[in-house]
2 protein chains.
Amino acid sequence: MKKVTINSVATYAGVSKKTVSRVLNNEPNVSPATREKVLKVFKELDYTPNPIARGLARNRSFIIGCLYDNPSKSYITRVQSGALEACHKHNYNLLIHPCELRGDALIANIENLLMTSRLDGLVLTPPFSDSLELIEFLKKKNVNYARVASAIEGDESISVRSNDEQGAFEITEHLIELGHSHIAFIKGHPDHSATEQRFSGYQRALSTHNLTFDDKLVAEGNFSYHSGADSAKAILDINPRPSAVFASNDYMAAAVLKLATQRQLKVPEDISIAGFDNAPIARHIWPGLTTIAQPVEEMTRQAVDLLIEQIGGTQAQVRQTTLEAKLITRESTSKP
Amino acid sequence: MKKVTINSVATYAGVSKKTVSRVLNNEPNVSPATREKVLKVFKELDYTPNPIARGLARNRSFIIGCLYDNPSKSYITRVQSGALEACHKHNYNLLIHPCELRGDALIANIENLLMTSRLDGLVLTPPFSDSLELIEFLKKKNVNYARVASAIEGDESISVRSNDEQGAFEITEHLIELGHSHIAFIKGHPDHSATEQRFSGYQRALSTHNLTFDDKLVAEGNFSYHSGADSAKAILDINPRPSAVFASNDYMAAAVLKLATQRQLKVPEDISIAGFDNAPIARHIWPGLTTIAQPVEEMTRQAVDLLIEQIGGTQAQVRQTTLEAKLITRESTSKP
DNA sequence: ATGATCTGTGACACCGGTGTCATAATGTCA
DNA sequence: TGACATTATGACACCGGTGTCACAGATCAT
């Protein structure tokens with residue numbers, strides 16, 4: 001099976017390869033007759049242009065890379081699906097690259113990524129969207145990037161985030177308004193800026209409602225189910241037992257629910273539980289988790305949209321957006 | 001900031017670009033002194049070779065594409081992580097491409113994928129690994145591919161699967177040995193070959209233990225949580241109520257558990273529930289689900305390993321493997 | 001010393017497209 | 001009808017690497 005190149009098409013159609021290229025790219029200034037003729041030869045020879053050659057000539061790969069280091073599978077798939085939507089809209093493709101934030105290896109790792117596959121741009125998801133070191137490196141290397149859910153201020157680059165602090169405030173307020181005053185909190189992974197923001201929203205709600213903050217009610221988690229299970233043990237052993245728990249994400253909240261159930265506690269009658277993210281698990285378990293829905297797909301979609309625009313050379317005027325998070329109440333919270 | 005190419009390096013180092021290329025690729029026949037000199041210039045100019053140009057010259061992209069159409073996020077992330085492991089080992093990268101099996105659009109979609117980004121190979125996950133139409137197309141186009149969890153026989157191409165039929169047999173047998181004889185079954189998505197195989201394992205276990213198969217105990221699902229919830233309704237309304245339910249995956253099993261709990265049924269005392277896949281949710285809920293663990297990462301890793309070998313030109317002698325599935329018992333199953 | 005082999009290096013074509021520019025053919029307007 | 005703008009087309013360089021081959025000089029066996 002012989003390879004069909006632009007040259008064979010040109011020869012076969014009796015035109016120059018430049019004309020074939022024109023037809024390929026829908027450029028103007030090709031007579032209808034010629035265009036027709038070339039298109040027919042495309043079919044006849046079953047010609048597929050070589051994207052690599054095209055990429056070399058145009059200095060583009062039409063591939064966006066997506067960086068992440070996140071224990072939540074559902075978060076990752078939501079990020080991917082938002083990114084893919086934007087990519088496909090512009091005929092781009094998505095390459096995924098999970099890697100670890102920690103360690104000196106990061107920059108070397110990204111350098112290697114850039115070396116082995118030329119990417120037109122990079123989407124940074126937490127915690128990379130907050131890594132000043134990485135951002136510095138990308139700027140130096142002149143790599144286009146967009147930040148998702150980043151808390152960094154002052155960087156002019158593309159950034160789409162949602163309001164974590166406000167979301168945490170609202171869900172805490174929801175618990176307070178139900179009548180809870182002894183509300184435990186489980187923090188997320190320290191590398192993620194969302195961790196600080198959610199914690200801060202929790203504290204602001206307390207103080208807004210004149211409740212005193214008690215750090216004995218705070219457990220350290222890292223967004224993983226496992227860390228939630230550990231925190232749950234600590235929290236359920238507090239005396240007197242908190243009447244409500246707000247975990248920084250749904251996996252950790254699910255862990256609390258599981259342990260509470262194992263200990264014969266009724267949820268929400270004996271203890272209310274709230275999460276964050278509206279992960280699938282929040283509605284897959286019983287009782288369903290009250291949580292905050294973030295538009296993860298939408299954030300990523302917008303970020304990639306802006307990124308591709310930037311690659312194309314058009315600078316959007318609005319490059320930093322904050323989307324709303326929304327309270328979703330389910331069965332896991334009630335009056336104490 | 002001027003672009004640094006192989007030419008600038010060559011000029012700067014006072015050698016030919018071919019020699020630079022030799023150093024770049026660790027080829028022999030470069031004197032230590034020259035090599036040293038060129039390496040120094042690499043550092044000085046901060047040179048990064050252009051993978052696209054290299055790809056054009058070598059006719060390689062060093063990118064593998066991963067095709068899927070699967071409602072289970074955890075399955076997808078497991079597939080991705082196995083594929084990535086193998087890719088990175090060989091300095092390949094992974095491009096993801098979810099798309100729909102159904103519809104005439106499939107072939108056009110893949111054709112477009114191949115057109116917009118030249119891939120060295122494709123990993124097909126269910127249900128694509130069973131699509132004869134797609135496989136036919138890839139063969140015609142001379143595209144390297146590897147099948148994961150495919151049930152197609154007779155195709156010589158790379159295939160790594162696990163034993164679904166046997167897994168389903170074992171978990172059903174587990175229920176039977178606990179004393180259940182009235183065991184409901186929820187089928188998976190009809191496009192997936194696993195669906196047929198798991199069903200068949202269920203039936204074989206029944207007949208092996210001299211239980212009569214009753215199709216009124218079988219509900220149609222499609223692997224999604226939602227379909228599991230629908231099936232759960234039907235099954236829990238059967239009179240007399242089955243003493244056990246075996247769902248073709250964990251999401252559907254979780255849906256059964258949720259509905260049962262909502263209806264004040266005790267699991268496993270009132271009804272035993274078993275799933276398949278050992279998805280994270282199986283251990284995130286209470287009671288934990290008895291299920292079958294499949295080595296999804298391992299399957300994909302092996303498949304991609306073989307695929308990359310094949311791309312490299314070395315044909316492994318063993319190209320079709322079947323891995324073991326393993327019964328994991330948790331709290332959701334017990335004596336009736 | 002002589003021919004044979006090995007080592008290090010560069011010239012040059014090539015991968016398969018796109019961009020620039022020249023030029024011929026055609027259309028437009030006074 | 002002549003001057004000028006527009007359209008259609010191709011020649012050719014170029015993108016940034018790799019493969020082939022020629023060849024000079026060093027090494028080796030006889």
Side-chain angles (χ1 to χ4, degrees), chain A residues 2-39 41-42 45-63 91 114-120 142 312-313, chain B residues 2-39 41-42 45-63 91 114-120 142 312-313:
Chain A
K2 268 206 62 193
K3 240 186 309 188
V4 181
T5 73
I6 199 170
N7 288 294
S8 26
V9 173
T11 310
Y12 198 88
V15 297
S16 75
K17 59 191 243 187
K18 179 64 216 190
T19 298
V20 176
S21 167
R22 285 195 181 93
V23 175
L24 215 48
N25 295 289
N26 265 312
E27 284 174 33
N29 299 341
V30 178
S31 78
T34 309
R35 191 181 297 274
E36 204 58 39
K37 189 170 56 181
V38 172
L39 285 173
V41 176
F42 282 173
L45 301 188
D46 195 17
Y47 168 67
T48 311
N50 182 330
I52 300 202
R54 189 192 297 231
L56 178 58
R58 291 210 196 144
N59 198 24
R60 287 277 172 77
S61 66
F62 298 96
I63 296 177
N91 258 308
L114 261 21
M115 201 143 92
T116 52
S117 98
R118 180 169 160 18
L119 302 175
D120 288 348
N142 255 337
Chain B
K2 267 206 63 193
K3 240 187 307 187
V4 181
T5 73
I6 198 171
N7 287 294
S8 28
V9 173
T11 310
Y12 198 89
V15 297
S16 76
K17 59 192 245 187
K18 180 63 215 187
T19 297
V20 177
S21 168
R22 286 194 181 95
V23 174
L24 216 47
N25 295 288
N26 266 312
E27 283 174 34
N29 299 342
V30 179
S31 77
T34 309
R35 190 182 297 272
E36 204 58 39
K37 188 169 58 182
V38 173
L39 285 173
V41 176
F42 281 175
L45 302 188
D46 195 17
Y47 168 68
T48 312
N50 181 329
I52 300 202
R54 190 192 298 234
L56 179 59
R58 292 209 196 145
N59 198 24
R60 286 278 171 77
S61 65
F62 297 97
I63 295 178
N91 259 306
L114 262 20
M115 201 144 92
T116 52
S117 100
R118 180 170 159 16
L119 302 175
D120 288 348
N142 253 338

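As a basis for the values below, the full set of heavy atoms in this structure was taken, side chains included, without hydrogen atoms, waters or symmetry mates. Here is the naming used below: chain letters follow the sequence lines, and residue numbers restart at 1 for every chain.
Looking at heavy atoms from C-beta onward, A/N91 lies out of side-chain contact with B/M115 at the 4.5 angstrom threshold. For the pair B/D46/B/V4, no side-chain contact is recorded, criterion being any heavy-atom separation below 4.5 Å from C-beta on. Side-chain contact between B/P51 and A/T116: absent, with no pair of heavy atoms (C-beta onward) separated by less than 4.5 Å. No side-chain heavy atom of A/K3 sits less than 4.5 Å from a side-chain heavy atom of B/N142.
For the pair B/N29 CG and D/dC23 C1', the computed distance is 14 Å after rounding to whole Å. As rounded to whole Å, 18 Å separates atom C1' of C/dC14 from atom CD1 of B/I52. Spacing between atom CG of B/L56 and atom P of D/dG16 amounts to 12 Å, rounded to whole angstrom units. Rounding to whole angstrom units, CZ of residue B/R60 and P of C/dG16 are separated by 14 Å.
Distances shorter than 4.0 Å separate some side-chain N or O of B/T34 from OP1 or OP2 on C/dT9. Between A/T19 and D/dG10, a side-chain N or O to OP1/OP2 separation shorter than 4.0 Å is present.
Between the A/S21 side chain and the A/K17 main chain, no donor and acceptor come within less than 3.5 Å of each other. The closest donor-acceptor contact from the side chain of A/R35 to the backbone of A/R22 lies at 3.5 Å or more, if one exists at all.
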Any protein N or O atoms within reach of nucleotides 17-21 of chain D? Criterion: under 3.5 Å, listing atom names and distances.
residue, atom, partner, partner atom, Å
D/dG17, OP1, B/Y47, OH, 3.0
D/dG17, OP1, B/N50, N, 3.2
D/dG17, OP2, B/I6, N, 2.6
D/dG17, OP2, B/Y47, OH, 3.4
D/dG17, O5', B/Y47, OH, 3.0
D/dG17, N7, B/K17, NZ, 2.9
D/dG17, O6, B/K17, NZ, 3.0
D/dT18, OP1, B/N25, OD1, 3.3
D/dT18, OP1, B/N25, ND2, 2.8
D/dT18, OP2, B/S21, OG, 2.5
D/dT18, OP2, B/N25, ND2, 3.4
D/dG19, N7, B/K18, NZ, 2.9

